[in-house]
Amino acid sequence: QLQLVESGGGLVQPGGSLRLSCAASGFSLNFYVIGWFRQAPGKEREGVSCISSSDNSTYYADSVKGRFTVSRDNAKNTVYLQMNSLKPDDTGVYYCAAGFRAFITTVQDMCAVPRGVHWGQGTQVTVSS
């Protein structure tokens, strides 16, 4: 069974940092484009950051550029999202998703329209004083 499990969420103060992990089981992430998404009550789901399966090209939403960094460790079958300088607007449930590279053309497409992807269960990130 294909599974994605997010971890690393929690409560942090504005300006703090968190590192989220997305661990895969049942399949190898090196064949997949990986995306991080977030959703808060009353807001649309947002593609935060996506990373390719081959050349490590990346995409970042304008709201997180310069603060977040996505990376992958194929040996550990895990993708990470390092989040620095966190703001209250970063609060939400963060999900990772995996799209088979044969069906995903670009990281921009993955973050914009994540069709037919495997979703994790999400991890809560709360940025508050």
Examine distances only and state if a side-chain atom of [X] and a backbone atom of [Y] form a donor-acceptor pair shorter than 3.5 Å.
X    : Y   : result
N84  : S17 : no
T78  : K76 : yes
R67  : Q82 : no
N77  : F27 : yes
T123 : G9  : yes
S52  : S57 : yes
Q39  : V93 : no

Item to complete: Determine, using ring centers only, whether F68 and W36 are less than 6.0 Å apart.
Response: no
Does any non-hydrogen side-chain atom of [Y] lie less than 4.5 Å from one of [X]?
X    : Y   : value
R72  : L29 : yes
V70  : Y60 : yes
W119 : L4  : no
Y95  : E6  : yes
S49  : Y59 : no
N56  : I51 : yes
L86  : P14 : no

Worksheet item: How many angstroms lie between SG in C111 and CD in E46, if you round to the nearest 0.5 Å?
Response: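 Answer rounded to 0.5 Å: 9.0 Å.
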Worksheet entry | S7 side, atom OG; Y94 side, atom OH - distance, nearest 0.5 Å |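 That separation rounds to 15.0 Å.
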Worksheet item: Does the side chain of T91 pick up a donor-acceptor pair with the side chain of Q124 at under 3.5 Å?
Response: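 Side-chain D/A pair, T91 to Q124: absent.
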Starting from [Y], can I reach [X] by hopping between I/L/V/M/F/W/Y residues whose side chains sit under 4.5 Å apart?
X    : Y    : result
M110 : V64  : no
F37  : V125 : no
L81  : V12  : yes
L20  : V79  : yes
F103 : I34  : yes

Item to complete: For atom CZ of F100, decide whether the heavy atoms of other residues, nucleotides or ligands shown that lie under 6.0 angstrom number more than 12.
Response: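 Yes - once you tally the heavy atoms of other residues, nucleotides and ligands closer than 6.0 Å, there are more than 12.
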Worksheet item: Which pairs with one or both residues in residues 23-32 pass side-chain hydrogen bond (donor to acceptor under 3.5 Å, both in side chains), sequence neighbours excluded?
Response: S28-N30
Worksheet item: Would F31 and S53 count as a side-chain contact (heavy atoms from CB on, under 4.5 Å) if you check the C-alpha gap in whole Å, the side-chain angles of each, and the deciding distance to 0.1 Å?
Response: CA-CA 6 Å; F31 296 107; S53 63; 5.9 Å; no
Worksheet item: If you measure from the Lys or Arg side-chain nitrogens to the Asp or Glu carboxylate oxygens, is any gap between D62 and K65 under 4.0 Å?
Response: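 So D62 pairs with K65 through a salt bridge.
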